[in-house]
Amino acid sequence: MEDQAPRKVLPRLDESLLTHLPPFSKLDKRQIRTILDQATSRRYETGIAIFEEGHAAERFYMLLDGYVRVVRITPTGEQVTSLHIPAGQLIGIARALGRDTYPATAITAAECLALSWPMRLWDTFVAEYDGFATETYKTVGLRVGEMNTRIVEMATQQVEQRVANAILRLINQTGRKVADGIEIDFPITRQDLSELTATTLHTVSRLLSGWEKKGLVESKRKRIKVCDPHALVMLTQGA
DNA sequence: CCATTAATTACGA
DNA sequence: TCGTAATTAATGG
């Protein structure tokens, strides 16, 4: 809960961590080196906030491993998850949105590893590193688009369709192929899913039980596997 | 073992 | 569809 001593032990970060990630892929080794030397590396355990909505945006982050969910608290106090972000993306990029506070809270959905830099370096990165700006704005655009489709879904679709959609999106973005299906590769509860679809854990539980009986999905505690994605897609369309 | 947390189900607003 | 609550199951000391 407090700052453990910044590890001096940290062996110099390997350049290959960043070279293949979009915002940095056009940079040469020397530039990557400079960026890494300014970065702080930190591990986060599951379920903690990397940064919180409304707080001064002091740093921005590159998620190297794990998953985070982006969460907002409504005026009435409930949590609404707006999206999940997989490893390899920048988060906490308030500056790209012209803000000086974080617009949402980032909660680790699994164990995570992230690099971070002080926000004052943002302008430097944008100005000096080829491709950094265009790539990050590209992902910002994608995220905004995703949030929009979610809002449309919430307004136009039935609960069953929303939940089916949410699961499909999760397996598309963060799914892992397993023997007889695709599994969401971080722990996710009914509660989490309900926060993602603006419903209750009970409704989610019932839907999943029903789908499981029909062989569309399989789930154990905190684990959801989709056996028949196509059938799920059908559910999101007709019904 | 126990304590804690997740998931299921029935029932009523 | 949602919320309450009772019950059962799984997990981690």
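Worth saying up front: this structure is predicted, and the values here are computed from it rather than measured. Keep in mind that the numbers below use all heavy atoms, side chains included, and drop hydrogens, waters and symmetry copies. Reminder, nothing fancy here: chain letters follow the sequence lines and each chain counts from 1.
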Item to complete: Check whether the ring centres of Trp117(A) and Tyr61(A) lie less than 6.0 Å apart, and answer yes or no.
Response: no

Worksheet entry | Side-chain N or O of Thr199(A) closer than 4.0 Å to phosphate OP1/OP2 of dC2(C) | yes

Worksheet item: What is the nucleic acid contact for Arg190(A), judged by heavy atoms within less than 4.0 Å: base, sugar-phosphate only, or nothing?
Response: sugar-phosphate

Discussion item. Any carboxylate oxygen within less than 4.0 angstrom of a Lys/Arg side-chain nitrogen, looking at Glu153(A) and Arg162(A)?
Written reply: no

Separation of atom [atom1] in [X] from atom [atom2] in [N], rounded to whole Å:
X: Leu193(A); N: dA7(B); atom1: CG; atom2: C1'; value: 13 Å
X: Gln158(A); N: dC2(C); atom1: CD; atom2: C1'; value: 15 Å
X: Lys220(A); N: dA10(C); atom1: NZ; atom2: P; value: 12 Å
X: Glu195(A); N: dC2(C); atom1: CD; atom2: C1'; value: 15 Å
X: Gln191(A); N: dT8(B); atom1: CD; atom2: C1'; value: 15 Å
X: Arg162(A); N: dC2(C); atom1: CZ; atom2: P; value: 7 Å
X: Gln157(A); N: dT1(C); atom1: CD; atom2: P; value: 13 Å

Discussion item. Let's see if you get this right: which residues in residues 200-212 of chain A place a heavy atom under 4.0 Å from DNA chain C?
Written reply: Thr200(A), His202(A), Thr203(A), Arg206(A)

Worksheet item: Crowded around Glu53(A) CD? As in, over 12 foreign heavy atoms under 6.0 Å?
Response: yes

Discussion item. As a quick check of understanding, evaluate salt bridge (charged side-chain N to carboxylate O under 4.0 Å, His left out) for Asp228(A) and Lys214(A), giving each step before the final call.
Written reply: CA-CA 10 Å; Asp228(A) 189 349; Lys214(A) 296 196 245 168; over 6 Å; no

Worksheet item: Distance under 6.0 Å and angle within 45° of the ring axis: does Arg42(A) meet both against Tyr44(A)?
Response: yes

Practice prompt. With the side chain counted from C-beta on, respond yes when Leu90(A) and Pro23(A) share a heavy-atom pair under 4.5 Å apart, and no when they do not.
Written response: yes

